[in-house]
Chemist: 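My structure is below; once you've seen it, I'll send some questions.
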There are 2 protein chains.
Amino acid sequence: MTQSEENYLKAVYHLEGSQMGKVNTNAIADYMRTKPSSVTDMVKKLSEKGLLNYKRYQGVSLTVPGTKKALSVIRKHRLWETFLVEKLDFSWDEVHEVAEQLEHIESEKLIDQLDSFLGFPKADPHGDPIPDKNGELEEQHTRLLSLLPVNSSSICVGVRDTSVSFLNYLDKNKIALGDQIQVLEKEAFDDSVHIQIGERKLHLSNRIASNLFMK
Amino acid sequence: MTQSEENYLKAVYHLEGSQMGKVNTNAIADYMRTKPSSVTDMVKKLSEKGLLNYKRYQGVSLTVPGTKKALSVIRKHRLWETFLVEKLDFSWDEVHEVAEQLEHIESEKLIDQLDSFLGFPKADPHGDPIPDKNGELEEQHTRLLSLLPVNSSSICVGVRDTSVSFLNYLDKNKIALGDQIQVLEKEAFDDSVHIQIGERKLHLSNRIASNLFMK
DNA sequence: TTCAATATTTAGACAAAACTAAAAATATGT
DNA sequence: ACATATTTTTAGTTTTGTCTAAATATTGAA
Ligand SMILES: [Mn+2]
Ligand SMILES: [Mn+2]
Ligand SMILES: [Mn+2]
Ligand SMILES: [Mn+2]
């Protein structure tokens with residue numbers, strides 16, 4: 001299994017989760033910043049290996065072995081991100097690029113020992129769930145901050161957008177995972193929300209509020 | 001810089017250290033388990049990039065930038081080996097293969113933070129010196145156990161042969177880095193040596209004794 | 001010194017993963 | 001329904017790193 005093949009499986013996994021039904025060629029090409037013709041080539045190869053279901057012009061879906069492989073790569077990615085933040089003092093906006101490389105290291109012992117060394121974490125620095133050794137994901141019962149009613153209070157457990165600019169915005173405004181957030185008021189005009197974290201009151205745009213997972 | 005290019009530079013570095021003068025094509029091919037024709041191709045490319053000195057049929061040597069790059073890969077290899085043993089409970093015969101992969105991860109911050117996390121170790125699990133951030137290697141003033149005089153006592157600080165079978169042999173006989181070893185007697189016939197570690201007396205063949213670095 | 005053995009390079013091929021440009025299939029709007 | 005727009009695939013090329021087989025250079029022994 002090459003790094004490129006692993007990256008394609010991961011892409012299909014993420015796209016399956018954010019769409020309904022089959023994943024199409026152009027969507028994969030966009031996601032991977034490559035060309036549709038390259039996607040077709042790779043999709044054929046992965047289909048021959050039994051990792052993708054593929055019929056010409058009909059889009060693709062992961063097979064059971066394909067899903068398993070994708071989850072194993074995601075497990076590695078998220079464990080490495082956790083390692084970088086917890087042990088090597090990286091900030092949450094610096095880890096993704098390095099984890100994109102580390103996720104392809106082949107050694108079952110390495111990743112299981114790393115998991116143990118980190119204390120079997122359930123989520124990565126962005127709040128995304130970490131699959132266990134068997135590929136099992138813990139169900140996340142979360143709701144977006146933008147959808148919570150006025151006066152509700154809940155804990156921020158994840159970010160939907162993991163871009164550096166969004167993470168920097170949160171850092172600048174001292175919003176972090178684990179923070180208890182109370183919804184004070186919602187503006188009907190622009191769907192922005194007034195919130196309180198500890199003693200601090202903040203006014204968040206809908207764009208921000210709809211990228212924070214709460215529990 | 002591709003992984004393959006890095007591996008060639010590392011190979012030339014190691015061969016320069018174990019030979020005198022220019023490194024020849026066949027030696028590189030043997031060391032890398034590849035074919036001489038492949039070596040010629042790569043050596044041309046690295047020479048065009050200014051990393052190797054190369055004239056047809058005359059062998060190669062590392063340039064200053066080539067040496068610097070080789071040392072940076074070796075630094076990563078040895079720091080990762082140390083991490084695996086110190087933090088993830090790998091044994092010293094399991095780390096090399098994984099480190100061969102990890103040494104190619106590109107992130108200066110990653111490796112410098114790892115160095116710091118490990119407490120700036122001076123040597124890897126096999127006793128090989130770890131270059132610092134600037135590529136400086138600490139001079140090793142060691143001698144082989146097989147060359148020490150009778151009655152001398154010194155500390156085992158490294159292994160010359162790092163093969164799994166040799167490392168297993170040492171584990172089985174409870175010989176480890178840091179052990180104080182006294183030479184009791186040398187057999188003139190086969191150059192084997194009788195030694196003492198703590199209360200234990202052992203009889204080592206010349207083959208074994210000439211693969212242990214002492215200080 | 002000469003020629004055979006050895007070492008090295010060249011020539012040509014291949015596989016992987018990407019690309020461009022063109023062809024083919026599918027979807028859509030009137 | 002049918003023409004047009006969009007999506008997807010195919011055909012052919014490129015780059016990287018490998019290989020085999022053949023050619024060429026160097027070495028060294030008689
Ligand atoms: Mn990530
Ligand atoms: Mn993440
Ligand atoms: Mn090693
Ligand atoms: Mn080592």
Chemist: Select from A/Thr2 and B/Lys55 the residue whose nearest nucleotide in DNA chain C is closer to the 5' end of that strand.
Modeler: B/Lys55

Chemist: Is a salt bridge present between A/Asp191 and A/Lys186, judged by a nitrogen-to-oxygen distance below 4.0 Å?
Modeler: no

Chemist: Under 4.0 Å between a side-chain N/O of B/Ser4 and OP1 or OP2 of D/dT18, yes or no?
Modeler: yes

Chemist: For B/Tyr54 and C/dT9, is the shortest distance between a side-chain N/O and OP1 or OP2 below 4.0 Å?
Modeler: yes

Chemist: Check the pair A/Thr162 / A/His96 against side chain to side chain contact (heavy atoms under 4.5 Å, CB included), numbers first and verdict last.
Modeler: CA-CA 9 Å; A/Thr162 58; A/His96 182 76; 5.7 Å; no

Chemist: Side chains of A/Asp124 and A/His77 only: does a donor on one sit below 3.5 Å from an acceptor on the other?
Modeler: no

Chemist: Within less than 4.0 Å of OP1 or OP2 of C/dT9, is there a side-chain N or O belonging to B/Lys35?
Modeler: no

Chemist: For a 4.5 angstrom cut-off between non-hydrogen side-chain atoms, does A/Met1 reach A/Val73?
Modeler: no

Chemist: Just to be sure I understand the geometry, which residues of residues 17-34 of chain A put a non-hydrogen atom under 4.0 Å away from DNA chain D?
Modeler: A/Asn24, A/Thr25, A/Asn26

Chemist: When you check the phosphate oxygens OP1 and OP2 of C/dC19, does a side-chain N or O of A/Ser38 lie under 4.0 Å from one of them?
Modeler: yes

Chemist: Scan A/Asn173, A/Ile175, A/Asn211, A/Val183 and name whichever one has a side-chain contact (heavy atoms from CB on, under 4.5 Å) with A/Leu204.
Modeler: A/Ile175

Chemist: I'd like a table of atom pairs between the protein and nucleotides 24-28 of chain C - only N or O on both sides, under 3.5 Å - with the distance next to each one.
Modeler:
{"residue": "C/dA25", "atom": "O4'", "partner": "A/Tyr57", "partner atom": "OH", "Å": "3.2"}

Chemist: Closer than 4.0 angstrom, basic N to acidic O: yes or no for B/Glu103 and B/Lys10?
Modeler: yes

Chemist: Do A/Thr40 and D/dT10 share a donor-acceptor pair, side chain to base, under 3.5 Å?
Modeler: no

Chemist: Counting only side-chain nitrogens and oxygens, does B/Tyr8 get under 4.0 Å of the OP1 or OP2 atom of D/dT16?
Modeler: no

